[in-house]
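Have a look at the structure below, then the notes.
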Amino acid sequence: MNILVIIPARGGSKGIPHKNVKELNGKPLICYSIDAARQLTTDENICVSTDDDVIIKVCRGLWLESSF
């Protein structure tokens, strides 16, 4: 069975601006969603959908770190 995980991550937030890249216990909040997705499937089956360049940079950094 193949699993596709889609993680929506809006850049604009009225309550907490840029909340997806705010650090919680030393890592950006979006990392927790990606880590949970990695428990289910491989990186090739994980898609982060965002409109924010900062979130894109953080996610790309996570994928580069995991490839070593």
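Residue numbers count from 1 along this sequence.
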Test side chain to side chain contact (heavy atoms under 4.5 Å, CB included) applied to C31 and L62, step by step: CA-CA 8 Å; C31 294; L62 289 174; 3.4 Å; yes
Can you see which heavy atom on R38 is nearest to which on D43, and at what distance? NE-OD1, 2.8 Å
For T50 and G11, work out which heavy atoms get closest and say how close. OG1-N, 4.4 Å
When you check the gap from the basic side-chain N to the acidic O, do D52 and R10 get nearer than 4.0 Å? no
L29 vs V21 side-chain heavy atoms within contact, under 4.5 Å: no
May I ask whether I34 and V5 are part of the same hydrophobic cluster, defined by side-chain heavy atoms of I, L, V, M, F, W, Y residues being less than 4.5 angstrom apart, directly or through others? yes
May I ask you to decide if K27's main-chain N or O and Y32's side chain share a donor-acceptor pair within less than 3.5 Å? no
Got a sec: does the NZ of K57 have more than 12 other heavy atoms crowding it under 6.0 Å? no
Test I7 against every option in I30, N20, I55 by the side chain to side chain contact (heavy atoms under 4.5 Å, CB included) rule and name the one that passes. I30
Sub-4.5 Å side-chain heavy-atom contact between N45 and I3: no
V58 side chain reached by I56 side chain, heavy atoms, under 4.5 Å: no
Taking atom CD1 of I16 as the centre, report whether more than 12 heavy atoms of other residues, nucleotides or ligands fall under 6.0 Å from it. no
